[in-house]
Amino acid sequence: MKIEPASALVGAAAVPGVKGISQRAILLAAVADGESRISGFGRAADTLSAIDVVRACGARVTDNGDDDIRVQGVGLRGLRAPDGPIDCGNAGTVLRLTCGLLVGQRGSFELVGDESLTMRPHERVAEPLRRMGARIETTDGHAPVRIEGSELQPVSYELPVASAQVKSAILLAGLYAGSGPTTVIEPQPTRDHTERLLAELGVRVRRTAKSVSVWPVDSLPSFELEVSGEVSSAAPLITGAVLLNGSELLLRGVNVNPTRTGLLDVLERMGARIAVFNRRTVGGEPVADLEIRSSPLVATTVDGAEVPRLVDELPLVALLGAFARGTTVVRGAEELRAKESDRIETVTEGLRAAGVRIEARPDGFEVRGTPARPRGGRIDAHGDHRIAMLGALAGLVSREGVDLRGAESVAISFPGFFELLDQLVQR
Ligand code: S3P
């Protein structure tokens, strides 16, 4: 796909529902009692993978192709083992959180995924679950992951890496574990959608600055949940509006959970003009409207403590850094190597090919900014949706445009991305 240069992003838009909340809601609805209704569902390949998984395990899902999904729950211990493997597609959140639910069921389950998901590290979830008594094996640390349902005991586990997916898998297994609390201690706070949703469902949840505990339950009630807009899908639009002179962009109903808004803080440090207003609560999560205008930027440093709050937005920080006065540094972000692609390599390779002065580091990257637009060139998304969106944005802010290979992978999280961009772009 050829992405031509743009002069501005102008207009108002809403983004699809938060991917991780949509996935969590489907998984929890499947083990609730009775029918749950999820509105504002963020329809995308990764959230449809959550539906595929619960259907494979016996939950009935009514999906009429809109953003309203109904799930007929089978009860806390009612998931059934299908005859064959359960396909999680590209979705790490689905595979890892499903592990947390399946270890407490009856029967043998096998979880598989596409090539990227297969190769990602899954021992990080298997190891703590085994400490709870789970029978779970990875394939040399990768998928397929095999699970035999068993009795579980509570655990107190200190995460070696800050990962909301690992935390969530342990907390979900904690619903099945003995009679006492299961506790996860985090090196840095990560997104807390799981614990918010569990608390909404009446599960006893205790939170401290560094830990979260859940108590086991006998059953979960069905629920109605409205999902707010995905900040990670808003992020490429925000980036475009900040970088393209004369932009004026209004994004309505964006989730501004403080565990997710690191990009907004980084942009503020860089001098961007973003108004966050009309704050409200939707589905137990903080939500706001955002108004973004273009502005000159200064370089900044993002380090490990901040990384979990914008981990999926770090590729865009590299592009922002290309326009900022000074050298922008991202460090303590080795987790980027364990994402859908090795994002330290794919970001560096892609932006270099477009003329950005960026160097990879073992744990991040460094970008030298200039006020001039980079030339543009050819960027390969390597099947990674975040790199495809980065490549698209790089094209808009370049002089000659970008030939984007693998643009279709945006469908993993944001199938309507290019249509929405077309509505907002001024040439
Ligand atoms: C997610 C957590 C993050 C993030 C991923 C979604 C989640 O992964 O990168 O896109 O929904 O919990 P880690 O928790 O592994 O860092």
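As the structure lists them, so they are numbered: ligands from 1, and atoms in each ligand from 1.
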Polar contact flag for Glu335 and ligand 1 (N/O pairs, less than 3.5 Å)
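By distance alone, the answer is no.
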
inquiry  = Polar contacts were defined as any N/O atom of the residue lying under 3.5 Å from an N/O atom of the ligand; does this apply to Arg24 and ligand 1?
reply    =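 Yes, Arg24 has an N/O under 3.5 Å of an N/O on ligand 1.
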
Answer yes or no: is there a donor N or O on one side and an acceptor on the other, between the side chain of [X] and the main chain of [Y], under 3.5 Å?
X	Y	answer
Arg269	Thr301	yes
Asp114	Leu117	yes
His142	Arg120	yes

Using heavy-atom distances, let me know which of Asp46, Thr93, Val311, Val307 sits nearest atom 6 (C) of ligand 1.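 Among Asp46, Thr93, Val311, Val307, the closest heavy atom to atom 6 (C) of ligand 1 comes from Thr93.
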
Quiz item: Is there a side-chain contact between Leu76 and Tyr176 (heavy atoms, below 4.5 Å)?
Solution: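 The answer is yes; the side chains approach within 4.5 Å.
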
**Prompt:** Considering only heavy atoms from C-beta outward, does the side chain of Val94 approach that of Asp46 to under 4.5 Å?
**Reply:**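 No. Closest side-chain heavy atoms not under 4.5 Å.
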
How close does the nearest protein non-hydrogen atom get to [atom], and which residue and atom is it?
atom	value
atom 4 (C) of ligand 1	Asp312 OD2, 3.3 Å
atom 15 (O) of ligand 1	Ser163 OG, 3.1 Å
atom 14 (O) of ligand 1	Ala164 N, 2.7 Å
atom 8 (O) of ligand 1	Lys339 NZ, 3.0 Å

Identified salt bridge (charged side-chain N to carboxylate O under 4.0 Å, His left out) counterpart of Arg260 within the set Glu285, Glu230, Glu313
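Single pass found, and it is Glu230.
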
Which is it for Gln23 and ligand 1 at heavy atoms under 4.0 Å: side chain, backbone, both or neither?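 Neither part.
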
What part of Lys167, side chain, backbone, both or neither, has a heavy atom within less than 4.0 angstrom of ligand 1?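 For Lys167, there is no contact with ligand 1 at all, from either part.
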
Can a side-chain donor-acceptor contact be found between Thr93 and Gln165 if the only test is distance below 3.5 angstrom?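 The criterion, which ignores hydrogens and geometry beyond distance, is satisfied for Thr93 and Gln165.
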
